[in-house]
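One-based numbering, in listed order, for ligands and for the atoms of each.
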Amino acid sequence: MTTTADPNPTAADSGRSATATFAKKERDAAPVDSARVDTVARAALAALHDVIREHELTYAEYDALKAWLIRVGEDGEWPLFLDVFVEHVVEEVGTADRRGAVGTIEGPYHVPGAPEFAGEATLPMRDGEPGTPLRFRGTVTDLDGNPIEGATVDLWQADADGYYSQFAPGIPEWNLRGTIRTGSNGRYTFHTVQPAPYQIPTDGATGALISAAGWHAWRPAHLHLKVSAPDRLPVTSQLYFDGGDHIADDVAQAVKPALILRPTPVTSGRGVEVTYDFRLDPA
Ligand code: DHB
Ligand code: FE
């Protein structure tokens, strides 16, 4: 098997990996305050009761819902489902008072511990990695535009077939994942390839809901980023490509105007380049 063959992940493959990755991250999380659980759980249940009354849910529909919820868990798809349909509002609420770089959802496919580089990096990729070469660079600064030395820019992305390493079979572990630490000029430069749009797995519970409701399962092509620095609020973001498919109808509702890149052809050779700066709020 060649590594560039269509890895064709099933929902169960990517769901299991996303669930295991999330469980590892969550292991050391602090418990949520009981009064807060009371308030939020009560409000969430009341909102659901209102939906049932308003739409006069039948017993058949209630049982279909139960069966579907069970299947989301069996398919390991809770991280995928929640990050597509819920996370964007959590992100909106959590970053409302930021003045610097605009963020958006993290999604289920970040893995800590990617290969590290200083200033400039060619992301780990396969021989002949498909896709348009992309030079993506910029500066990390404070709110006044002063460069930040020692900032970390962590990038992860799908390949030109729309698949993420560690969540689709047959792709090397750290393919198209890497972290750059900025030097004294605050600059970073990634050499990578343009990702393809990403399709939510269609063969699992989330896909079943999407097709039962007559929705589509696509996210526009995007780069994922986490940018952080000492004494600064970290930003989790995604960057999209102007004119790309599904920019205007992202199933995850995570596109914002400030996150759309307009790459231009490189002056010599093949590929495109684009610059994007991150201004970090103080912690
Ligand atoms: C999902 C996948 C993504 O690549 C992303 O950016 C957001 C959500 C998902 O499958 O849930
Ligand atoms: Fe993604």
Side-chain angles (χ1 to χ4, degrees), residues 7-23 25-26 68 71-73 75-92 94-95 102-112 114 123 131 134 136 153-169 171 174-178 190 192-211 213 215-227 235-241 244-256 259-261:
N8 190 24
T10 64
D13 285 329
S14 45
R16 255 193 299 280
S17 309
T19 296
T21 301
F22 177 76
K25 275 190 219 173
E26 186 62 9
W68 180 79
R71 190 174 163 204
V72 177
D75 290 348
E77 283 203 346
W78 279 116
L80 277 69
F81 173 77
L82 290 168
D83 293 350
V84 166
F85 291 110
V86 180
E87 188 187 354
H88 69 99
V89 188
V90 181
E91 193 277 333
E92 173 192 312
T95 61
V102 171
T104 190
I105 67 171
E106 175 168 331
Y109 298 144
H110 178 253
V111 185
L123 283 184
L134 170 66
F136 168 64
V153 184
D154 187 355
L155 191 163
W156 72 104
Q157 63 169 95
D159 63 18
D161 295 317
Y163 295 121
Y164 287 88
S165 59
Q166 302 190 38
F167 298 90
I171 304 177
W174 295 105
N175 211 60
L176 302 180
R177 297 173 181 272
F190 286 101
T192 181
V193 294
Q194 275 196 254
Y198 168 82
Q199 186 180 29
I200 310 298
T202 51
D203 56 336
T206 308
L209 169 66
I210 288 170
S211 78
W215 304 336
H216 76 74
W218 290 93
R219 301 214 57 227
H222 54 277
L223 305 174
H224 286 272
L225 293 132
K226 276 178 181 287
V227 182
V235 173
T236 299
S237 195
Q238 296 184 24
L239 297 171
Y240 306 93
F241 297 89
D245 290 345
H246 301 296
I247 287 276
D249 63 350
D250 177 12
V251 65
Q253 298 180 60
V255 178
K256 304 179 187 182
L259 303 179
I260 298 177
L261 300 173

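The closest heavy-atom contact to atom 1 (C) of ligand 1, among the options Ala217, Pro197, Gly204, Pro108, comes from Pro108.
Of all the heavy atoms of Tyr109, the ones lying under 4.0 Å from any atom of ligand 1 belong exclusively to the side chain. Residue Thr206 does not touch ligand 1, judged by heavy-atom distances below 4.0 Å.
Between Ile200 and Phe81, every side-chain heavy-atom pair lies at or beyond the 4.5 Å cut-off. Side-chain contact between Thr192 and Leu176: present, with at least one pair of heavy atoms (C-beta onward) separated by less than 4.5 Å. At least one side-chain heavy atom of Leu123 sits less than 4.5 Å from a side-chain heavy atom of Phe190. Taking 4.5 Å as the limit, every side-chain heavy atom of Asp75 sits out of range of all side-chain heavy atoms of Leu80. Between Glu106 and Trp156 there is a side-chain heavy-atom pair separated by less than 4.5 Å. Here the side chains of Leu209 and Val72 are not in contact, with every heavy-atom distance at 4.5 Å or above. For the pair Val193 and Gln157, the minimum side-chain heavy-atom distance is below 4.5 Å. In this structure, the side chains of Glu92 and Gln253 stay at 4.5 Å or more apart for every pair of heavy atoms.
At the shortest separation from atom 2 (C) of ligand 1 among protein heavy atoms lies Tyr198 CE2, 3.3 Å. For atom 9 (C) of ligand 1, the nearest non-hydrogen atom of the protein is Val84 CG2, 3.4 Å. Of the protein's non-hydrogen atoms, the one nearest atom 4 (O) of ligand 1 is Tyr164 OH, 2.9 Å. Protein heavy atom closest to atom 6 (O) of ligand 1, with residue, atom name and distance, is Arg219 NH1, 2.6 Å.
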- Task: Check the pair His222, Asp250 against side-chain hydrogen bond (donor to acceptor under 3.5 Å, both in side chains), reporting the backbone distance first and the verdict last.
- Result: CA-CA 11 Å; His222 54 277; Asp250 177 12; over 6 Å; no

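Considering backbone and side-chain atoms alike, Leu80 places an N or O below 3.5 Å from some N or O of ligand 1. Some N or O of His222 is nearer than 3.5 Å to an N or O of ligand 1, by distance alone. For ligand 1, none of its N or O atoms has an N or O atom of Glu106 under 3.5 Å away.
For the residue pair Gln238/Tyr240, the side-chain donor-acceptor check at 3.5 Å is satisfied.
For Tyr109 against Ala18, the heavy-atom pair with the smallest separation is CE2-CB, 4.3 Å.
Residue contacts with ligand 1: Gln238 is included, with a non-hydrogen atom under 4.0 Å away.
The Fe ion (ligand 2) has Tyr164 OH, His222 NE2, His224 NE2 as protein N, O or S atoms under 2.8 Å away.
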